[in-house]
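Below: one structure, written as structure tokens.
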There are 2 protein chains.
Amino acid sequence: MLSKKTKYGLKALAYLAKVKDREPVQIAEIAKCENISQKFLESILLTLRRNGLLGSKKGKGGGYYLIKEPHEIHMTTVMRVLEGPIAMVPCVSLNFYEKCDDCPDEEECSVHKLMLQVRDSALDVYRNNTLADLL
Amino acid sequence: MLSKKTKYGLKALAYLAKVKDREPVQIAEIAKCENISQKFLESILLTLRRNGLLGSKKGKGGGYYLIKEPHEIHMTTVMRVLEGPIAMVPCVSLNFYEKCDDCPDEEECSVHKLMLQVRDSALDVYRNNTLADLL
DNA sequence: TCGATAATCTACCAAAACTATGGGATAAAA
DNA sequence: TTTTATCCCATAGTTTTGGTAGATTATCGA
């Protein structure tokens with residue numbers, strides 16, 4: 001299941017992508033328009049900023065804004081930042097690889113075989129979608 | 001992330017698929033060979049049986065066995081039984097559809113658009129894999 | 001320089017989900 | 001009737017999720 005964090009984060013990014021001239025938008029505005037708990041959204045936008053997807057401006061007239069153009073923001077990046085690994089098991093993860101402690105032989109593992117395919121197909125979707133494609 | 005339940009369930013099914021003549025195999029044997037907590041595996045096999053994927057036999061010489069041939073068991077079925085919906089959001093689920101309470105218009109939702117593609121690609125993998133393909 | 005505004009940061013909390021474990025009931029075979 | 005092994009219910013421990021509260025810091029306009 002997709003976490004609310006990712007869902008809200010995606011919606012917020014899409015919202016910001018529609019804003020003209022990359023003007024800063026306040027958390028409160030996004031939260032209201034997208035029906036998201038403001039405090040929760042606050043923490044989500046913060047992690048998006050920390051990961052280089054958003055810029056922010058404090059004080060009056062401040063808010064969050066996209067740093068790059070929507071077509072430059074790939075879903076692989078967004079998903080990894082918000083949801084974590086794209087793979088469903090660590091042993092098939094490109095960026096977060098980890099060996100299973102129960103598997104003696106990875107090559108023989110039936111789960112491994114299946115999940116490799118699932119990862120590749122998901123990756124294919126995320127690589128072929130930018131933020132611009134979602135609008 | 002794939003739950004341990006699904007992971008163990010898949011491993012157990014694969015184990016049973018290798019058994020000749022569909023002889024009953026005891027929980028203890030599967031648990032030992034696949035490094036799974038026996039009690040946990042017990043409950044997993046039970047749900048697989050309740051969902052028509054396994055048969056069981058009590059008493060001496062008893063155990064669990066496949067009801068169908070491995071090539072007849074599709075991953076779509078297995079995943080839905082063990083992991084639940086294949087879709088990452090209820091609003092794009094074929095078997096467990098549910099409207100998002102925050103989305104005013106499903107057609108306009110950026111998350112919806114993306115997750116439809118992810119669902120379709122995952123479904124494609126699961127439909128093209130049977131238990132036999134994992135061995 | 002002051003006050004209003006709005007992001008930032010830290011900490012915390014409750015509920016749900018996940019990963020088991022325990023103990024007894026039930027059924028089949030020897 | 002004893003042994004074997006599944007069936008079933010209850011529950012405990014941990015992690016994740018979703019959300020709150022409140023103090024702090026930076027910026028702008030007057």
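Residue numbering restarts at 1 for every chain, and letters A, B, ... go by the order of the sequence lines.
B/K58 places its NZ atom 5 Å from the P atom of C/dA27, with the value rounded to the nearest Å. B/K60 has its NZ atom 8 Å from the P atom of D/dA5, to the nearest Å. The CG atom of A/L82 sits 12 Å away from the P atom of D/dT17 (whole-angstrom rounding). For the pair A/L2 CG and C/dA17 C1', the computed distance is 17 Å after rounding to whole Å. A/K57 has its NZ atom 9 Å from the P atom of D/dT27, to the nearest Å. Across the protein-nucleic acid pair, B/Y65 atom OH and D/dA5 atom P stand 16 Å apart, rounded to whole Å.
Shown here for A/Y15 and A/E29, the closest heavy-atom pair between the two residues is OH-OE2, 2.6 Å.
Put simply, B/Y8 has no side-chain N or O that comes within less than 4.0 Å of OP1 or OP2 on C/dT19.
Across D/dT25, D/dC28, D/dG18, the shortest atom-to-atom separation from the side chain of A/K4 is found for D/dG18. Checked against C/dA7, D/dG18, D/dT6, the side chain of B/Q26 finds its nearest nucleotide in D/dT6.
Counting non-hydrogen atoms of other residues, nucleotides and ligands closer than 6.0 Å to NZ of B/K113 gives a total above 12.
Using modelled atom types and a 3.5 Å distance limit, the side chains of A/D133 and A/T130 yield a donor-acceptor pair. For the residue pair A/S3 / A/E83, a side-chain donor-acceptor distance below 3.5 Å is found, with atom types taken as modelled.
For the segment residues 28-54 of chain B, residues with any heavy atom less than 4.0 angstrom from an atom of DNA chain D are, sorted by number, B/K39, B/E42, B/L46, B/R49, B/R50.
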Inset, instruction - Kindly indicate, with the supporting measurements, whether the criterion salt bridge (charged side-chain N to carboxylate O under 4.0 Å, His left out) is fulfilled by A/K39 and A/E42. - result: CA-CA 5 Å; A/K39 269 296 188 178; A/E42 188 182 306; 3.4 Å; yes

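Among residues two or more places apart in sequence or in another chain, the side chain to side chain contact (heavy atoms under 4.5 Å, CB included) test is passed with A/D21 by A/E23.
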